[in-house]
Amino acid sequence: MTVSPWKRRLARSLTCALALGVALSTQAADAKKKGKDEKAGEAPYASTYKPYPGRPTALVGATVYDGRGGRIDNGTVLFENGKVVAVGGADLTVPAGYDRVDGKGKFVTPGVIDIHSHLGVYPSPSVDALSDGNEMTSPTTPDVWAEHSVWPQDPGFSRALVNGGVTTLQILPGSGNLMGGRAVTLKNVPSRTVQGMKYPGAPYSLKMACGENPKRVYGGKGQKPMTRMGNFSVNRQAWIDAKQYMDGDHAERDLGKDTLEGVLKGEILVQNHCYRADEMAQVLDMAKEMGYKVTAFHHAVEAYKIGDILKANDVCAAIWADWYGFKMEAYDGIPENAALLAKQGACVVIHSDDENGIQRLNQAAARAQAAGRRIGVDVPDAQVVGWFTYNAAKAMGIGEKTGSLETGKMADVVLWNGNPLSIYSRPEKVWSDGALLYDADDPKRKPVSDFELGQPGEGDVK
Amino acid sequence: MKRRLILAALLAAPALTASLSALAQDFAITNATVATGDGSAPIEHGTVVVRAGKIVAAGAGVAVPAGIQTVDGTGKWVTPGLFSAITDLGLWDVEGVDDSNDTSADKSPFNAALDVVPALNPSSEHIAVSREGGVTRASVTPFNGGSIFAGQGAVIDLGEDAAIVVKPRAFQYVELGEAGAKLAGGSRVAAHTALRNALREAREVATLTAGAQRQGDVLLTRADAVALAKVVDGTQTLYVGVERAADIRNVLALKPEFPKLDLVLVGATEGWLVASEIAAAKVPVVTMPMRDLPAAFETLAATMSNVGRLKKAGVKVAIGLFEGGNQPRNAPQQAGNLVALTKIPGATGLTWGEALAAITSVPAEISGFGGKAGVLAPGAVGDVVLWDGDPLEVSSAPVDVWIDGVKQSVDSHQSRLRARYKDLDETYLPKAYDW
């Protein structure tokens with residue numbers, strides 16, 4: 001079936017779904033020798049990200065959503081030296097030397113976070129030469145790292161920043177494999193190198209995938225896994241082998257088992273592509289059997305059927321607002337998914353898995369909220385903002401550092417020109433670690449990637 | 001083939017409103033914010049009157065006929081039903097399940113002759129869900145299989161009844177640009193040669209008396225050539241999938257040899273770079289406005305301002321291309337984003353009225369239903385949507401939907417699932433008994 005440029009859903013749903021998260025430590029062996037105190041900076045491919053300079057800034061008079069359910073009308077947000085200094089009401093004193101930004105009629109949120117992106121590994125232009133997201137050569141490839149595929153020049157990064165206020169994102173390998181490899185968390189800052197984008201101290205995640213994709217990819221080759229039971233069989237054996245490796249002397253290094261060992265030690269998170277409720281429950285049992293934890297199920301379109309189980313297991317559901325029907329395991333998707341999960345007290349994250357959707361995570365959240373409201377599940381705006389800020393950060397293991405406007409946290413901040421849950425609103429200014437990286441009123445305060453230079457549309461508003 | 005055509009004719013015949021008018025109720029919606037879809041600003045405290053499945057009046061100061069059923073629209077909005085241009089509605093149940101997917105036929109010996117009508121399924125969940133989202137009419141196109149010609153699309157209504165086809169074989173779809181080049185043999189050169197050759201063969205077939213032999217070399221099956229004859233003589237619209245500015249110019253350059261072509265550009269991501277030429281050629285555009293990435297080398301100049309800039313240059317532009325996971329019910333989100341653009345320095349968006357028109361009256365006009373659908377105007381079909389708020393706002397949704405004056409149910413697989421799982425209580429019986 002030939003597809004025209006916008007007819008790529010099938011291909012994408014295959015390539016995107018599964019990411020393997022891996023933690024900070026590069027090699028279990030080294031970690032074992034050095035102990036658990038190994039610093040992120042000592043890891044290979046270490047982050048070289050440095051915050052850009054900012055000015056002490058006071059956002060005054062806006063409605064502030066802090067990302068953790070708090071709302072302050074006519075609020076004040078102060079940040080300096082890359083950190084949030086204080087968040088309060090109109091009575092909060094603005095220290096001398098601060099730039100005042102009038103936020104009257106506007107809104108302030110933490111920087112938007114996408115827990116599920118393939119920017120860089122499936123960049124624009126989406127040509128084969130840049131298609132680096134799925135190492136579909138073996139059902140389990142926990143040895144590969146997404147950061148080794150990321151093309152920092154992907155123009156998608158700047159669109160996500162400018163239109164979506166995205167300041168942090170997790171780049172996952174695709175879902176062609178049961179264990180797709182390590183994901184990487186990036187600051188959405190233009191950089192010549194991936195290391196220059198790497199979020200300092202963020203844990204790795206292992207991308208896993210259950211369901212249709214791996215069985216289709218390998219079953220299609222007449223190879224195991226061809227079925228869902230095959231999926232579990234291959235996974236369980238991989239965990240058993242990893243445990244054996246973990247107990248050994250690590251004389252011979254195995255990159256894949258290093259990753260799995262990191263998961264078993266709790267240093268590497270698991271981001272598990274999984275759609276169906278019954279299948280998620282089985283994965284949770286597998287995690288119990290093998291002794292690891294699933295941090296979040298991604299694309300969990302049937303999560304609403306097991307909100308109680310997800311809550312009990314402290315697993316987040318990273319979901320779209322209302323994608324459905326494009327594959328069999330998405331047939332029971334409903335727009336009320338997020339709201340019903342929230343009603344159960346389960347953790348909701350709105351994700352994109354899409355280079356266009358990442359530009360409108362706020363709108364997706366608003367759609368999901370509205371669908372709930374229509375069936376009597378009324379989730380307050382301030383909580384909904386957490387679906388694309390703090391909850392995402394939490395599920396990426398960086399909730400202590402970002403995702404909310406709290407004193408001492410990274411000054412990742414978006415000033416919206418209206419309510420972020422309205423279709424009519426857009427980011428007006430975006431700060432990353434207190435540095436102004438986008439300003440709608442300043443045409444030059446907007447990144448243009450190397451790829452776009454000198455080509456049609458360079459520097460245009462997008 | 002003959003049997004298929006007869007079947008198509010049978011399906012198509014009872015279309016429009018004749019068989020439905022018995023179910024259509026006369027009614028008026030009062031005191032609502034009325035947006036007629038014609039590009040004008042919404043009118044507060046307006047009235048809409050529908051009789052015998054047609055719009056009678058809409059706007060301010062409209063008298064409510066005595067004895068007519070009235071719906072209180074206080075605090076609500078009324079619009080025409082959304083018209084979704086270029087969809088795959090009714091052609092698949094699960095996109096990734098091939099058995100359920102009739103969008104393309106890459107192993108068929110036919111291409112231009114292919115006609116979506118026999119595949120259209122009025123009971124498709126996607127139709128139900130789209131209807132619930134306020135979509136009442138749509139154009140449905142096949143996708144390309146093994147040829148640059150995808151086949152013939154239809155215009156449908158989304159009513160619950162079985163009569164789905166409003167206009168069969170409403171248009172032919174041809175894919176040029178990168179995708180067309182690949183299909184035609186590997187380059188744009190091949191695609192243009194294939195297109196021109198096909199149109200020439202079609203023109204020749206049209207001149208033959210019935211049963212006469214075609215002369216010389218032929219590449220098209222007779223059925224394909226016969227289908228394309230309608231394109232050449234302008235009785236069937238030719239939708240051309242094309243993105244790059246240079247490719248758009250090449251499409252416009254078909255006119256000297258084939259002057260009767262009734263062209264519509266589909267995609268036209270770089271349309272804004274040649275907006276004045278498109279406007280001068282009076283060729284409308286159907287596009288997806290939020291695509292702002294250089295997804296391919298043919299869309300390097302992609303920007304959300306494409307629609308606004310085309311419109312400003314005088315091009316008739318509709319929002320469309322709702323296929324796959326890109327659901328027609330999300331059309332208002334696309335339109336609303338164009339309004340949001342008006343607040344971004346340097347960007348070009350649409351007014352609220354223009355944005356609504358881009359998902360109602362304009363796609364209806366491009367699809368051949370100007371004044372007949374996508375608009376609340378006397379004589380238009382009674383496709384009316386009552387919304388719980390500003391229809392372009394993401395938090396809003398339809399309260400009620402009428403098609404041809406017939407009130408539609410909002411039941412679907414999705415609505416049943418949400419009802420079943422609104423709570424997770426299985427104390428007395430499994431969820432399977434909760435229906």
Side-chain angles (χ1 to χ4, degrees), chain A residues 1-7 9-10 13 124-127 155-156 159 163 212 304-305 307-308 322-328 330-336 340 344 355-356 359-360 363 366-367 369-371 373-375 417 421-426 440-441 443 451-452 455-457 460-462, chain B residues 93-97 104 106 125-126 143-146 175 177-179 182-183 241 243 245 267 270 273 288 290-305 321 323-327 333 336-337 339-340 343-347 392-397 414 417-418 421-422 424:
Chain A
M1 184 184 298
T2 305
V3 290
S4 53
W6 60 90
K7 292 163 188 162
R9 179 71 66 221
L10 281 176
S13 67
S124 303
S126 62
V127 294
R159 307 297 191 276
N163 297 322
E212 291 177 17
Y304 66 94
K305 296 184 183 179
D308 51 350
D322 51 15
W323 286 27
Y324 87 110
F326 48 96
K327 56 203 291 198
M328 194 62 223
Y331 199 63
D332 281 5
I334 62 172
E336 295 79 6
L340 291 175
Q344 291 289 334
E355 64 278 19
N356 291 299
Q359 302 177 40
R360 285 174 282 285
Q363 293 177 18
R367 290 211 311 270
Q369 175 195 34
R373 191 179 289 145
R374 285 191 288 276
I375 59 164
N417 64 10
L421 298 178
S422 166
I423 188 95
Y424 302 120
S425 304
R426 286 288 172 86
D441 296 314
F451 177 73
E452 298 173 278
Q455 305 215 58
D460 192 11
V461 288
K462 295 294 180 182
Chain B
D93 296 301
V94 175
E95 189 185 18
V97 174
S104 66
D106 57 357
E125 288 304 324
H126 302 275
F143 296 159
N144 298 81
E175 185 75 34
E178 290 182 7
K182 196 171 177 184
L183 285 164
E243 305 290 353
E270 293 194 345
L273 291 172
M288 177 55 59
M290 293 298 105
R291 288 188 287 157
D292 63 353
L293 286 161
F297 276 92
E298 63 183 357
T299 62
L300 289 177
T303 167
M304 294 188 201
S305 293
L321 291 175
E323 56 76 34
N326 187 17
Q327 303 170 53
Q333 187 186 11
N337 270 293
V339 180
K343 289 193 282 183
I344 306 293
L392 301 189
E393 183 56 87
V394 267
S395 57
S396 303
Q414 287 196 328
L417 281 165
R418 76 173 165 243
Y421 284 100
K422 197 176 169 190
L424 298 177

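A note on names: the letters A, B, ... follow the listed sequences, proteins ahead of strands, and every chain is numbered from 1. Reckoned from all heavy atoms, side chains included, excluding hydrogens, waters and symmetry mates. Quantities reported herein were computed from a predicted structural model and do not represent experimental measurements.
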Check whether [X] gets within reach of chain B through its side chain, its backbone, both or neither, counting any heavy atom under 4.5 Å.
{"X": "A:Asp460", "value": "side chain"}
{"X": "A:Gln344", "value": "side chain"}
{"X": "A:Leu340", "value": "side chain"}
{"X": "A:Asp322", "value": "both"}

- Using side-chain hydrogen bond (donor to acceptor under 3.5 Å, both in side chains) as the criterion, list what pairs up with A:Arg374, not counting sequence neighbours. none

Looking at side-chain heavy atoms only, is the closest gap between [X] and [Y] below 4.5 Å?
{"X": "A:Phe326", "Y": "B:Val94", "answer": "no"}
{"X": "B:Leu293", "Y": "A:Asn356", "answer": "yes"}
{"X": "A:Val461", "Y": "B:Asp292", "answer": "no"}
{"X": "B:Gln333", "Y": "A:Gln363", "answer": "yes"}

Residue [X] versus chain A: region with a heavy atom under 4.5 Å:
{"X": "B:Leu300", "result": "both"}
{"X": "B:Ser395", "result": "both"}
{"X": "B:Ala302", "result": "backbone"}
{"X": "B:Leu273", "result": "side chain"}

Based on non-hydrogen pairs under 4.5 Å, which of [options] is most in contact with chain B?
{"options": "A:Lys305, A:Gln455, A:Arg373, A:Met328", "value": "A:Lys305"}
{"options": "A:Asp441, A:Val127, A:Asp308, A:Ile423", "value": "A:Ile423"}
{"options": "A:Pro456, A:Gly457, A:Ala370", "value": "A:Pro456"}
{"options": "A:Ala330, A:Pro335, A:Ser425", "value": "A:Pro335"}

- Under the side-chain contact (heavy atoms from CB on, under 4.5 Å) rule, collect the residues that match up with B:Glu125, sequence neighbours excluded. A:Tyr331, B:Ala128, B:Ser412, B:His413

Identify the heavy atoms of [X] and [Y] that sit nearest to each other, and give their distance.
{"X": "A:Arg426", "Y": "B:Ile344", "result": "CB-CD1, 3.6 Å"}
{"X": "B:Val394", "Y": "A:Ala366", "result": "CG2-CB, 3.8 Å"}
{"X": "B:Leu424", "Y": "A:Tyr304", "result": "CD2-O, 3.7 Å"}

Just so I understand: if I count every heavy-atom pair under 4.5 Å between each of [options] and chain A, which residue has the most?
{"options": "B:Ala245, B:Gly346, B:Gly177, B:Pro294", "value": "B:Pro294"}
{"options": "B:Met288, B:Lys422, B:Glu270", "value": "B:Lys422"}
{"options": "B:Asp93, B:Thr303, B:Asn337", "value": "B:Asn337"}

- Candidate pair B:Glu393 and A:Tyr424, rule side chain to side chain contact (heavy atoms under 4.5 Å, CB included), full reasoning: CA-CA 8 Å; B:Glu393 183 56 87; A:Tyr424 302 120; 3.6 Å; yes

- Message: Tell me which one of A:Gln359, A:Lys462, A:Arg159 satisfies side chain to side chain contact (heavy atoms under 4.5 Å, CB included) with B:Met304.
- Response: A:Gln359

- Task: I would like to know whether B:Gln414 and A:Asp332 meet side chain to side chain donor-acceptor pair (under 3.5 Å); could you show each step before the answer?
- Result: CA-CA 7 Å; B:Gln414 287 196 328; A:Asp332 281 5; over 6 Å; no

- Query: Given the side-chain rings of A:Tyr324 and B:His126, with only the six-membered ring counted for Trp, is the space between their centroids under 6.0 Å?
  - Reply: yes

